[in-house]
Amino acid sequence: MCGIVAYVGPKDAAPILLEGLQRLEYRGYDSAGVVVSSKGLKVRKVKGRVADLAKAVPARFKGTLGIGHTRWATHGVPSDENAHPHLSADERIAVVHNGIIENATELRAKLEADGVVFKSETDTETLAHMIARTVEETSSLEEAVRKALKSVVGTYGIAVIDAERPGEVVVARNGSPIVLGIGEKEMFAASDVAALVRYTRQVVHLEDGELAVLKADGFHTFASGGLETAKEPLTVDVEAGHYDTGGYEHYLLKEISEQPETVARTLRGRLDDRFHIAHLGGLNMDARATRSFRRVKIIGCGSAYYSGQIGAQLIEELARIPADAEPASEFRYRNPVVDPDTLYVAISQSGETYDTLAAVQELKRKGGRVIGIVNAVGSAIAREVDGGIYLHAGPEVSVASTKAFTSTAVAFALLALHFGRVHDLSPADGRRIVDGLAKLPDQIEEILKQGDRIRELARKYATHPSLMFVGRVRGYPVAREGAQKLKEISYIHAEAYPASELKHGPLALIGPEMPTVAVVPDDELLDKNLTTLGEIRTRGGNVLMIGHREPEAKLADDVIVVPKNEIELDPILLTIPLQLLAYHAAVALERDVDKPRNLAKSVTVE
Ligand code: F6R
């Protein structure tokens, strides 16, 4: 949700800012802007993509300090005026902002009553005016920013520059990430390390309430009260190449294709052939603590929530501990009862989804024990939880989640195995799961080989305006994720239903114009699922079945057969063809696959 980048050093800032914004474009891409400082502020901002901004920046846009922004609109439509940076009326102060100022209407009314004329509809512009009002009375930009932020209710990651102080950038964080990058006689800041790794691997994550002053020769960080904080730089083990398309046409196809390797990385060093257990040292939980909770509650948003539903079933099946998943965005608003006998599991690829983070904070405030399943190392959620499992799936750049989804499901299988073997899962069943997990990377490779055929099927089914997705028990979260992928990147309407519920209402929608994608694993529910397929076809509905074998009777128009694993692990494999189906449907419809309309990758607003 909006990307911020800042630079101060000896080099020309604009190319560095533009390159950084390109890396952050997954966070928002409806407008973009940059400002550099050199004898006054020079600004360019446009509605559109970073590439459009780059075209609008003239060759003589010189300055060795600057800030930039790529936007996902909240207050005000995407337009040149609403694009960041926002400037104070005297053009002395420039601000870029990620987050939401909740009391912006009130702040704006006060400023307008004092004669301030606004140029945009954004909440951010209030900040530029407020900082400009205090900067003359205060001894530093840092103090002016801190004073202005005292009146703000809401979330922010901001970067601020002052035309009168051309050697420093002030950044601050509350709820929206800010990472500092430490270079040789130069400093950077950004919403994500993605924008920094081309220049430095030495980073410092700001905490909520912290503020930092960056100058070419170093940085200082301060707590909200103004006291200086001591921060140790971390070395990030991500390479710039991880953020490239690697020769694929889209990041999404690259990330789908990487899954044999990313699943292997999630498993690496964690499977034990001797005791048939999983090694999960990051949980920070001994066997006694592991036995002590009676329930597991999983929270996450969107695809993370659907992978949590797969996780809940794995935990119930393998560990026989009651488990369920709920959207974090709902959980946090319903004043949940926090039970001391429940283990809470928060899932997030980015580690910064605001609803999930807020749910974790609410849980911790009430004394709940929370672990995380997170991809982004050192992210806000990873730092907030009591322990957890890192996915090690590498950066996920495409807005639609794929490799993080499968790795999360694999992490849940490890967690369920771990809990199960501490409880009553037999060594024989433990071995069955360990062996099944080890087979996954090769089996995913097998499914990927069907890419051409799935592309043909996608072209056929993408001609319909609406698709039904069904699955039963283990297949249901897979169907939900399949529908989610299709709608978000192809914009085809898709609805996911438990197969068992079809006849209680939505069967009325079925007919030749609405095909069904049915997830039909070869498990104890196979016959029930085949009966559902019969009911659909009797009503003239076409069926694309994802399963482990062709049904004997002609119950499906098309079948994608995937390799069989253990029944508990099959949902992981059944997901892969649905990712490819959505991808190829989106390509066939000429959609912007990696940056679907209205969306952004890290949802850091409520
Ligand atoms: C769907 C998708 C979203 C995310 C959700 C949570 O493809 O990407 O539904 O899964 O916004 O994001 P994280 O996992 O970063 O918390």
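Counting starts at 1 for both ligands and their atoms, in listed order.
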Can you tell me how far NZ of Lys297 sits from OG1 of Thr342, rounded to the nearest 0.5 angstrom?
9.0 Å
Are more than 12 heavy atoms from other residues, nucleotides or ligands located less than 6.0 Å from atom CD of Glu330?
no
Close residues, ligand 1: non-hydrogen atom nearer than 4.0 Å:
Cys301, Gly302, Ser303, Ala304, Ser348, Gln349, Ser350, Thr353, Val399, Ala400, Ser401, Gln484, Lys485, Glu488
Got Asn335 and Lys366 here, is their nearest side-chain heavy-atom distance under 4.5 Å?
yes
Phe293 and Phe419: aromatic ring centres closer than 6.0 Å?
yes
What residue pairs, at least two apart or across chains, pass side-chain hydrogen bond (donor to acceptor under 3.5 Å, both in side chains) with a residue in residues 581-591?
His250-Tyr583
Any donor-acceptor pair under 3.5 Å linking the side-chain atoms of Tyr461 with those of Asp558?
yes
